[in-house]
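I have placed the structure first, in the form of C-alpha cells, so that the comments after it can refer back to it.
Note on naming: letters A, B, ... go to the chains in the order of the sequence lines (proteins, then strands), and numbering restarts at 1 for each one. Excluded from the calculations below are hydrogen atoms, water molecules and symmetry mates; all remaining heavy atoms, backbone and side chain alike, are included.
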Amino acid sequence: MFHKSCILSMSDLLIMVNSMVKYNSSKIEKKWQKIWQGQKLYETKDKIAGKNNYMVLVEFPYPSGNLHIGHWYAFAVPDISVRFLRMNGRNVLYPIGFDAFGLPAENAAIKNKINPRDWTKKNIMYMTKQLKSMGASFDWSRTVSTIEPEYYKWTQWMFLKMFEKGLAYRAKTMVNWCPKDKTVLANEQVVDGCCERCDSSVIKKELEQWMFRITDYAERLINDMQGLNWPETTKLAQKNWIGRSEGVLIDFKIQDTGYKIQVFTTRSDTLFGATYMVLGPEHPLLKNNELGIMNYGKVVEYIKKAKVKNYEERIAEGKEKTGVELKGVKAINPANKEEISVWVADYVLGHVGTGAIMAVPAHDSRDFEFAKKYNLPICHVVAPIFVDYTNPPRDGASTIKRKTVQCIVKHWNENKYLCLKWKKYDWQTFIIGGVEEGEDMAGAGMREIREETGYMDIRFVKQLGPPVYAKYFAAHKSENRLSEVYGLCFELKSDKKLPVSTKETETHDAVWIEREKVKDFVRGAEIPELLVRLEGKERAYIDGGILIESGEFSGMDSENAKWEIAKFVRGERKVNYRLHDWVISRQRYWGTPIPMVNCRKCGWQPVSEENLPVKLPLLKNFMPTDDGRSPLARAEKWAGAKCPKCNGPAERETDTMDTFVDSSWYFIRYVDPKNFQKFASEEKMKLWLPVPLYIGGAEHNTMHLLYSRFFIKVLYDLNFVDFSEPFTGRKNHGIILGPDFQKMSKSRGNVIDPDKEVVKYGADTVRMYLAFMGPYDQGGPWNSGGINGIYRFLNRVYSFVNYKSQITNYKQIPNPKPKIRNDLERLLHKTIKKVGEDIESLRYNTAISSLMILLNEFEKNSEKVSIEYLKIFLKLLAPFAPHLSEELYQQFFGSPESQIPNPKQIQNSKIQNIKQLNSIHFEKWPEYDQKLIQENIFELVVQINGKVRDSIEVTVEISEKDAAEIVLSREKVKKYLENKPVKKVIYIPGRLINFVL
RNA sequence: GCCGCGGUGGCGGAACUGGAAUACGCGUACGGUUCAGAACCGUAUGUCGAAAGACUUGUGGGUUCAAAUCCCACCCGCGGCACCA
C-alpha cells in the first residue's frame with residue numbers, strides 16, 4: 001500500500017544516529033511518577049461536571065511481602081483501560097487496598113517471631129512502594145486495609161445486622177478441620193481433600209460455628225446472574241457451585257414398624273427400579289437401634305470405621321463401595337409395593353439430600369457398582385432412546401410407533417455377522433423387521449432372516465436385554481418412526497439356503513461383516529448400545545428414555561413420568577442445593593473478631609453497636625491451640641466481658657472471621673474510606689456503585705464473587721445499599737506462566753521478578769509486554785526474548801519523535817491541518833478506531849500490534865508525518881506506555897504554562913513549582929473520521945473453483961457484470977478457465993468473485 | 001466420570017457475520033554499520049519442490065461455490081466439579 005522510500009536522506013541518517021541512543025526509562029519513569037503524585041493527578045474527585053463516574057475495580061492484593069509478575073498482570077494491564085476511559089471523558093476511580101488479615105501472616109509471624117500486625121504493616125509499606133513503580137493510575141488517597149479497626153468495625157457491624165435478621169447463626173456442624181493449621185476450612189478451601197494452604201489431609205470434626213445463611217439466597221444468586229455482564233464461564237461455575245436440582249421427597253415405609261425412610265431423588269421416573277435402599281452412616285435412624293436391626297453390632301462397627309475415614313484412605317481403597325445390610329429390616333417400594341433390602345454404606349453422604357437414597361442399580365452407576373458387588377437385583381425400567389442424527393425425525397411428518405427386531409446373526413465358525421447391503425442407499429444394516437401382531441420375537445427374527453437372505457439353518461441364542469428405542473425418518477414412507485427395538489442373537493449353523501425372492505434381491509444383498517468392522521459399517525443409532533450388550537459389558541443406563549416395566553407408567557417418557565410417579569406415591573416436590581451455609585468461624589488470631597458475647601444466663605448476645613469495633617488485642621502468643629479453641633482464648637482479660645443484656649459475667653467469642661467476609665464489601669469502602677459514621681455515605685455510593693467493571697482472576701469464580709454477591713443482597717434487603725448486585729461487569733484475566741510454560745513457583749525456579757525487569761527495560765515496557773503477550777483472559781508464558789520486541793518499539797517511538805522534532809520546529813506551526821488525505825492518514829484513522837475498540841474489549845495485544853504497524857509506516861513515510869499525526873500517535877500510546885508518552889508529549893507539545901523542566905535538570909524542588917500540568921492522560925482521546933476510513937478502492941479476489949488465482953483493484957461501487965467483464969479479460973484468469981464453460985458465478989461485493997467450472 | 005475452555009509456522013499469537021490463513025512480535029539466515037562485538041538498520045522467512053505448482057489451521061468424515069470458523073465422531077492439553085441421589 002505504501003511506497004518504500006529508497007533515498008537515504010540527511011533525515012534518515014539522523015534517525016539512525018538517534019536510534020543508537022536508548023531512552024532512559026528509569027529516569028523518565030521516576031520523574032513522571034513524582035510529578036503525577038505531586039500534582040495529585042489520579043486523586044479522583046467524587047463529582048466532576050460533565051463527566052460520568054466509573055470505577056474500575058481490581059482484586060485487592062494480600063500483602064505477602066513481594067509483588068510478583070501476576071500482580072503486574074492484574075493491576076498494570078487494566079490500567080490501560082482505566083487511562084483509556086479517562087481520556088474518553090469519564091471520571092475514573094481506580095482504587096487499591098490490602099486484604100491483610102489471614103493465615104500466612106500468622107504463619108510467617110510464628111516463623112520469624114514477630115507480631116502478625118508488624119509483619120503485615122511492613123509488607124504493606126514495601127508493596128505500596130512496588131505498586132507505585134508500576135505507574136498505574138491508582139488513587140492512593142482512598143486506600144483501604146481490612147486490618148484497620150476503622151475498616152473491620154464495619155465488617156463487625158454487618159455481622160450484627162445479619163445476626164439481627166437471623167442470617168448469622170450458630171450451629172453444630174461437621175466441619176473441615178486442618179490438623180496442621182488447626183482451623184476450620186470452608187468447603188471452598190479444601191482442595192482434593194487437602195488444605196488449600198498447607199496441603200495436609202483434612203479431617204471431619206464436629207464443632208459449633210458461626211454461619212451465614214447463604215442457602216436462603218441460592219435462588220436469587222442463580223436468577224440474578226441473568227442481567228450481569230459477566231463471562232459465561234463464571235456464571236456457569238456459580239450455577240454449578242450452587243448446584244440446584246429439582247426432585248421429589250419420597251417416603252419408604254419400613255415393614256412391620258411405624259418408621260419410614262425419606263429419600264430425595266431427581267429420578268422419580270426410575271422408582272419402579274428401586275431394588276434396595278441405602279442409609280448414610282450419619283443417618284439418625286441408625287443411632288439407637290430403633291429399627292431392631294439384627295446385626296446391629298456389625299452396623300455400628302461399620303459406621304465407626306466410615307466416620308474415621310479421610311480422603312486419603314478413601315482414595316487408597318480405590319473408592320470401591322462398601323456397606324452392610326441391615327438384617328431384619330425391609331422397606332416397601334411405594335410404587336410396586338415390593339419388599340426391598342436396606343443397607344448402610346458410606347457412598348451415601350449425610351449432608352446430601354436426606355442422607356438416604358433409594359437405589360436404582362439399572363440407572364445409576366454408583367448403585368449399579370454396589371448392586372454388582374453385593375448381588376442385589378437389577379431391574380431395568382427406562383429404555384434408552386436413540387436419535388439417528390444422520391437421518392433425524394422431520395418436523396411435520398407423522399410419527400409411527402412399531403415393534404422391531406435387530407437380528408445379529410453370527411457365522412457358524414468365523415467371527416463375522418450377516419448384514420444386508422442396500423442397493424438404493426450406501427449403507428449396511430443388520431437384518432431388521434417388524435414384529436407382527438401375536439408373533440413371537442425369535443420367530444419373527446427367523447422369518448426375516450429366511451425371507452431376506454435365504455439362510456435357514458438358524459439357532460436363536462438370546463435376547464440382548466431390554467428394548468431400546470430408535471427415532472429416525474423413514475424416507476421411503478415419508479414418516480418419522482419410533483421403533484421399539486429388540487436385539488436378538490442368532491447363530492447360523494450351516495450355509496444351507498433357500499431361494500430368495502427377486503423382490504428382496506432387488507433391494508439388497510446379503511453380506512458378511514467382520515466383528516471389528518460392524519461398529520463402523522452397520523448403520524443405526526442404537527447399534528453401539530446393542531454391541532456393548534453383545535460383548536456382555538453391562539452398565540447402568542443413566543439418561544432419560546421411555547419407561548418399561550413400570551406399571552401404568554410404561555411407555556411414558558422419563559420427563560413426564562418423573563412428576564406423574566411422584567404424584568402417584570404422594571411425593572413432595574423439592575429443590576435441593578449443593579451449596580451449604582457459609583461457616584465463617586476461624587480458630588485463628590489474625591482476623592476480624594466476631595462481635596458476640598456468651599453470657600452464662602442469657603446465651604449468645606451481640607455486642608452493642610456503640611461498642612464497635614471489638615478490637616483485636618495485641619497477643620504475645622498467637623500459636624494455635626490443639627483443642628480447637630482460638631488463640632484469642634489466651635487473652636483472658638480481653639475475653640472476659642459483661643453481658644450486654646444483663647450486665648453479668650460473660651465471655652467474648654474468641655473465634656475470628658473467615659477473610660472472605662472482609663473482602664465481601666471492601667469495594668464499597670473505596671467510595672468513602674474516611675467515613676466514621678457509616679460504612680459509606682449513601683450519596684457517595686450512588687455516585688460510584690455498583691461497580692461497572694471488575695477485573696480479576698478466575699480462581700474467584702465460586703468463592704469471593706459468590707460471597708460478595710450474597711453480602712450485597714443482604715445489605716440491599718436491609719435497605720443499606722440500593723443495588724442488589726455488586727459488580728455489573730466482570731472480566732477474568734489469565735495466568736502468567738513461567739518461560740517453561742509451567743506455573744511460576746520458587747521450587748521450579750521459573751519465577752520472573754518484575755522489579756528486575758523494570759530495572760532492565762522500564763515499567764512501560766513491562767506492562768506493555770504483558771498486554772502484548774496474548775488475549776488478556778488467556779494469560780500465557782513469559783518469553784524473555786519477547787519483551788525485547790516491545791523495548792525496541794518504545795525506543796523507536798522515542799527516536800522517531802525526537803528525530804521529527806529536530807528537523808521541524810513544531811512549536812511555530814500552530815495546529816497545521818494536513819490538506820492531503822493520503823494513505824497514511826487513512827491508516828492513522830483506522831488505527832484510532834482499532835485501538836479504541838480493542839481496548840474496550842480488553843484485546844490489548846491487537847491494539848499494540850496496530851500501533852506497531854502505524855509506527856512502521858510512519859518511519860517509511862516520515863516526510864508525510866505531520867505534527868497532528870504525532871500528537872495523535874502519542875495519545876494512542878498513552879494508556880499503554882504512560883511515562884514515555886507523557887515525556888514526549890510534554891517535551892514537544894506541552895503548552896508553555898505546563899512546560900516541564902528538562903529531565904536532566906529535574907529536581908524534587910522543581911516538581912513542586914510546576915503550576916499546572918496538562919497531562920496527556922487527561923487529554924481527549926482522538927476521534928476518527930468514518931468517511932476517511934471507508935475505502936473507495938479494494939482488492940477484488942478472483943477465485944476459480946474456490947481457489948484464489950488473481951486479485952484486481954476495483955472501485956467499491958463496481959457491479960457484478962462489470963467486475964466479471966474485467967476479470968474475464970485477464971490473461972491469468974483465462975489461463976485457469978481453459979475455455980471451459982462457467983457454470984456459476986458467485987459475487988460478494990467488496991470481497992471476491994468466484995467462477996465455478 | 002461430568003461440566004467448561006482450547007489445539008493455527010521454530011515460538012507468543014492474528015484472522016469481522018463462512019470469503020486471500022499465518023497480521024504484529026520473537027527467533028533464525030544473509031547483508032549493512034563496526035577494529036571487533038553488542039546495539040541498531042535492511043532483506044528474507046509455513047511445508048515440499050529447481051520451477052510450474054501442490055499441500056497446510058490436532059485426526060477422520062460431512063454441509064457449502066467457499067470452512068481455522070458451521071455440523072458429527074475421535075485424539076490431545078488446560079481449568080473447574082466430583083459417590084450431590
Answer with base, sugar-phosphate or nothing: what part of the nucleic acid does [X] contact at a heavy-atom distance below 4.0 Å?
X       : value
E699(A) : nothing
R539(A) : nothing
N994(A) : base
E232(A) : nothing
V352(A) : base
V278(A) : nothing
R244(A) : nothing
G243(A) : nothing
K947(A) : sugar-phosphate
L236(A) : sugar-phosphate
S951(A) : base
D367(A) : nothing

In whole angstrom, give the distance that lies between atom [atom1] of [X] and atom [atom2] of [N].
X       : N       : atom1 : atom2 : result
R991(A) : rG18(B) : CZ    : C1'   : 10 Å
K239(A) : rC3(B)  : NZ    : P     : 13 Å
I988(A) : rC65(B) : CD1   : C1'   : 9 Å
L992(A) : rA67(B) : CG    : P     : 12 Å
L794(A) : rC40(B) : CG    : C1'   : 16 Å
D777(A) : rG13(B) : CG    : P     : 11 Å
E369(A) : rC83(B) : CD    : C1'   : 9 Å
F741(A) : rG7(B)  : CZ    : C1'   : 13 Å

Does the rC83(B) base have a donor-acceptor partner in the side chain of K321(A) within less than 3.5 Å?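 Side chain to base: pair found, below 3.5 Å.
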Apply salt bridge (charged side-chain N to carboxylate O under 4.0 Å, His left out) to the pair E529(A) and R539(A), showing each step before the final yes or no. CA-CA 11 Å; E529(A) 172 68 20; R539(A) 54 180 184 187; 2.8 Å; yes
Of all the heavy-atom pairs spanning L877(A) and M768(A), show the shortest one and how long it is.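 Heavy atoms only, the tightest pair is CD1-CE, 3.8 Å.
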Reading RNA chain B from 5' onward, which residue's closest nucleotide shows up sooner: I853(A) or I986(A)?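 That would be I853(A).
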Does a side-chain N-to-carboxylate-O contact under 4.0 Å join K235(A) and E232(A)?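 Yes, this pair counts.
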Please classify the glycosidic conformation of rG12(B) as syn (within 90° of 0) or anti (everything else). anti
Considering just the side-chain nitrogens and oxygens of R792(A), establish if one lies under 4.0 Å of OP1 or OP2 belonging to rC26(B). yes
For atom C1', what is the distance between rC55(B) and rA21(B), given to the nearest Å?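 About 13 Å, rounded to a whole number of Å.
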